[in-house]
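Notes for the one structure printed next.
Order of the sequence lines fixes the chain letters, A, B, ..., with proteins taken first and strands second; residue numbering starts at 1 for each chain.
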Amino acid sequence: MSALVLRGGRVIDPLQGVDRAADLVIRDGRIAELIDPGQAVGNLESLDVKGLWVMPGFIDLRCVINDPADLTAALAGGYTTLVASPESEAVPSPWIRVLRAAALTKHVEGEELGEVPADAVCLSNGSRPIVRGGLMRRALQYSRPLKVPVMIHAEDPSLSGRGVLGEGFVATWLGLPSVPASAEVSVVARDLALLEEQGGRLHFSHLTCAGSLRLLKDARQRGLKVTADATPHHLTMTDDAARGYAIEARVWPPLRPAADVAALVAAVRDGTIDAIASDHHRIDPVEREHPFDQCTPGAQMLAQAFGRVATLKLEPTQLARLFSSGPAAILSLEGGSLAPRTRADLTIVDPAQHRVRYTLIGGEVRFTGAS
Amino acid sequence: MRHLLAIEGMPRAEIEALLLRAEGFREGRNSERRLSGKVVGNLFFEPSTRTRSSFEIAAAALGAHVLNWTVAGSSASKGESLLDTVRNLAAMGPAVLVVRHPSSGAAELVARAVKCAVINAGDGQHEHPSQGLLDAFTLKRRWGSLTGKRVAIVGDVLHSRVARSNLYCLRTLGVEVVLCGPATLLPAEVGRLGAKVTTELDEALEGADAVMMLRVQRERQTEALFPSEREYHRRWGLTAARAEGLKSGALVLHPGPVNRGLELAPEVADGLQSVILEQVENGVAVRKAILEAVA
């Protein structure tokens, strides 16, 4: 197999405490070594990555995949591993590693526990809530010996009702049915209480409310095994994006007022949030030709996730943690690191343009973006 | 005026010009058939008797040919998108589409998709601009000027597009507005729209020159937002006793249809202070002015 040296980049690997100018040598699809810039390594093919950041390959915790176009978008977004939500369809993937989240409940109906296949990396109920606390308690109990996280969409439907936008002035002004923060926060509180009682591993998907983040921080401080992710759209859009009934604001969970978004960004900066999940869900355009509240919610986020999050001006090690080592740790996956002998899944980004420039999977360049 | 989608953001001069034009129609001065040869399409995705009839009568009086499309249930449930429906109708060449839809923002969505003029005849919980204009028109005919007056809007503010359009219209014309209703029917931060807000009816009625009672939208209430109709009437209904306590000469409005004995006592609805039938009558004149302005 081939060998390749990446020349002139800034190599970032939070797991190894690396953030410096270095060249990176890849052999046989695996990372061979980090060398000083310009150091001779014999006659290897080289890729010029001057001015770019070389990071461990991006790993997405949650996306809905139902078309080859989703995988193309993922490659363009720098993703090398995806966890497909239970709503996904089987799409053959030539390069990207697609892992599947097992349905936490049968047919994600939230009624009975679902079967757990041997290769499950996590249990998830997709974007559907677990209404009954008793069932959630059993899910944590049952999954505890399996050592896989239970991924939760925290929502109390009796509070969210027909809502389509976070409660606040904008929803009132636009006359859109709204969702109070308690719809999320009360379920986070319930599930943390269950976790404390039962043990197990709990992961909250796409948190959006300041109240949830306060509870999460507190639970962490008390030593509970709980993790959480945030999406690029919830970090970069407030409820104000719905002005003019703009369809890109029709996402689920709903967008929230600025104070919640500020709290979410702060939680990403201080490490309370472990990972970015794209929550990518491509919606048939005809499903978006209805009025705002009748449109199917969703955001096509795989291709633009990094670009959006990069606008927050995070440290490069923070970005690598959020997009790669964080998700790898949650799923107990190999990856998320540039240590020698690990598979050469790499994402190389242009920090000035907020763009993904190269996606390498197993040492092969599978995506090249415009400079 | 290209479309009439919302009162919010309409300049005062534009509102006043419409009301002046409506006054001409009301007095029978403008009798030309300005819409002769044109087609006005009424596209109603929600049941409505008076708004639809009012637009139909106004359009016919201006010489337009009126087509009525009533779509029972949402088009979304039939697999056809709203825009599909509207593009098909627009292809028939109407000059104006009058759109009523249960979703906020629907009229704006339609306006972006078609070449003809669009009049919002009520979109979800957002706006009902022709109602806002006709209510302001009714008060103006009674009072001459609205400046410095105080109007209480009472009831289901949460689900009410009438409340929003009236608030914007009245404020632009110099009226102080108080919103009142059960706390469960007042949306979050509604005061930021530019009104005083209270849950106590007597406080809202204090010094009011007019009271606009909103219809309790039983059909929109997916769950009980107040304990009982009896309690609602007792706390937020305009009873005969409360009507008597109003400032002398104060007017009572209601966008209709009235739930008698719920938001409004029957004797108040039919009493001397009530201008409910004037509202209906004025609605036709105001809608003529709107149709003429956009067609």
Side-chain angles (χ1 to χ4, degrees), chain A residues 156-185 209-211 238-251 254-260 283-298, chain B residues 5-6 8-9 45 73-87 99 101-113 120 122-128 157-165 167-168 179 186-195 197 220-223 225:
Chain A
D156 178 342
S158 77
L159 288 164
S160 52
R162 297 184 304 116
V164 293
L165 194 64
E167 186 172 65
F169 174 71
V170 178
T172 294
W173 168 52
L174 294 173
L176 290 172
S178 65
V179 180
S182 54
E184 176 182 294
V185 181
C209 299
T238 66
D239 55 355
D240 198 57
R243 182 183 286 266
Y245 305 96
I247 212 65
E248 53 276 19
R250 181 75 174 102
V251 296
L255 296 180
R256 297 236 158 243
D260 285 304
I283 307 293
D284 183 348
V286 81
E287 295 302 326
R288 305 283 268 188
E289 289 198 335
H290 303 294
F292 193 88
D293 65 338
Q294 291 185 8
C295 283
T296 309
Chain B
L5 301 176
E8 194 202 1
F45 291 87
S74 77
S75 56
S77 63
K78 300 192 195 81
E80 187 183 37
S81 77
L82 172 63
L83 292 187
D84 270 335
T85 310
V86 162
R87 283 188 203 113
V99 180
H101 196 284
S103 294
S104 301
E108 194 174 324
L109 184 68
V110 170
R112 283 200 295 263
N120 179 7
D123 63 325
Q125 307 171 15
H126 178 229
E127 283 224 36
H128 190 348
V157 177
L158 176 64
H159 296 110
S160 180
R161 50 198 175 213
V162 174
R164 284 173 176 76
S165 286
L167 169 60
Y168 297 133
L179 298 173
L186 294 170
E189 299 180 50
V190 69
R192 283 178 61 192
L193 294 176
V197 182
R220 279 179 199 280
Q221 224 175 293
T222 48
E223 53 199 284
L225 292 164

Fill in: Top contributor to chain B contacts, counting heavy-atom pairs under 4.5 Å, from A:Val164, A:Leu174, A:Leu176
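Top option by heavy-atom pairs under 4.5 Å: A:Leu174.
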
With a 4.5 angstrom heavy-atom cut-off, could you sort out which part of [X] is near chain A: side chain, backbone, both or neither?
X        : value
B:Arg164 : side chain
B:Leu109 : side chain
B:Glu8   : side chain

Practice prompt. Considering only NZ, NE, NH1 and NH2 on the basic side and carboxylate oxygens on the acidic side, decide whether B:Arg87 and A:Glu289 come within less than 4.0 Å.
Written response: yes

Worksheet item: Will you find, in the side chains of B:Glu127 and B:Ser165, an N or O donor that is under 3.5 Å from an N or O acceptor?
Response: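 On atom types as modelled, these side chains qualify, holding a pair under 3.5 Å.
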
Practice prompt. Without swapping roles, check the side chain of A:Arg250 against the backbone of A:Thr296 for a donor-acceptor pair under 3.5 Å.
Written response: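 No.
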
Worksheet item: Can you find a pair of side-chain heavy atoms, one from A:Gln294 and one from B:His101, that are under 4.5 Å apart?
Response: yes

